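Only a predicted model underlies this, so the values are computations on that prediction, with no experimental measurement involved. All heavy atoms count here, side chains included; hydrogens, waters and symmetry mates do not. Labels below follow one simple rule: chain letters A, B, ... track the order of the sequence lines, proteins then strands, and each chain is numbered from 1.
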Amino acid sequence: DTAVSQTPKYLVTQMGNDKSIKCEQNLGHDTMYWYKQDSKKFLKIMFSYNNKELIINETVPNRFSPKSPDKAHLNLHINSLELGDSAVYFCASSQGSGGPYEQYFGPGTRLTVT
Amino acid sequence: GDSVTQMEGPVTLSEEAFLTINCTYTATGYPSLFWYVQYPGEGLQLLLKATKADDKGSNKGFEATYRKETTSFHLEKGSVQVSDSAVYFCALSDPRGSTLGRLYFGRGTQLTVWP
């Protein structure tokens, strides 16, 4: 069974559209994250939720809105997509938020905005 | 604030060569240190970690020692294989204060191993 799964794996869309990426973890973890990886492999944290509560909200445009319906799911909705949003988006989860916990990453969603 | 600096790549080696990827950190507290690896087309996965000074993390022939005096956590492997070709990320987590245990990643080092 996949520990952290994301859908879709690839997403190609036009500027101005709205899209969502879904993430699910079956590890029983309390904390989930969204990261953005640019073309140079630089990883930037975007959001983190602990037990459905937002605990990290980095400087991200308001067009990005995370939603956590339960602690096993963390979705990312993006409004009015721009060319600069093209990247690979990774979901991750960890046992908790306050210790040296390993983060488990999903396979990534490659978003291409044309 | 907390940060990680790792050597820029790409690093290109022949099979069986010795590997070192340097990583230094800045932290206000007593962080835990990690190396993550990202194989082509995949997400990151934990390679090894160390949670206190002088600890040595090891896995799959890779090693790194937490050096508080030099604030370093260099990754080493004695004999690399083609299958080690990947991007390697150094990271730290400072569980104290307001950082909420978040991971701070270095910029990643691309390793390519030729047969």
Under a 4.5 Å heavy-atom cut-off, does chain B meet the side chain of A:Gln37, its backbone, both or neither?
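Just the side chain, heavy atoms under 4.5 Å.
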Can you tell me which portion of A:Phe90 sits under 4.5 Å from chain B's heavy atoms? Options are side chain, backbone, both or neither.
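When you check distances to chain B, only side chain atoms of A:Phe90 fall under 4.5 Å.
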Under 4.0 Å between a Lys/Arg side-chain N and an Asp/Glu carboxylate O for B:Glu8 and A:Lys40?
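Salt bridge flag = no for A:Lys40 with B:Glu8.
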Heavy-atom pair count under 4.5 Å with chain A, highest-scoring of B:Val87, B:Leu46, B:Leu33, B:Thr51:
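Most pairs with chain A among the choices: B:Leu46.
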Answer yes if B:Val4 and B:Leu111 sit in the same cluster of Ile, Leu, Val, Met, Phe, Trp and Tyr residues linked by side chain heavy atoms under 4.5 Å apart, and no otherwise.
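Both belong to a single hydrophobic cluster.
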Using a 6.0 Å cut-off, check whether atom [atom1] of [X] has over 12 heavy atoms from anything other than its own residue.
X	atom1	result
A:Asn62	CG	no
A:Tyr89	OH	yes
B:Glu42	CD	yes
A:Lys9	NZ	yes
B:Glu16	CD	no
A:Lys71	NZ	yes

[X] versus [Y], closest heavy-atom pair with distance:
X	Y	answer
B:Tyr36	A:Gln103	OH-N, 2.9 Å
A:Tyr35	B:Leu103	OH-CB, 4.1 Å
A:Leu43	B:Phe89	CD1-CE2, 4.3 Å

Determine whether B:Arg102 and A:Glu58 satisfy the following criterion, side-chain contact (heavy atoms from CB on, under 4.5 Å), listing intermediate values before the conclusion.
CA-CA 12 Å; B:Arg102 61 174 287 180; A:Glu58 289 293 289; 3.0 Å; yes
Kindly say whether the aromatic ring centers of B:Phe105 and A:Phe42 come within a distance under 6.0 Å.
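No, ring centres 6.0 Å or more apart.
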Measuring from B:Arg107:CZ to A:Lys41:NZ, what's the distance to the nearest 0.5 Å?
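One gets 13.5 Å once the value is rounded to the nearest 0.5 Å.
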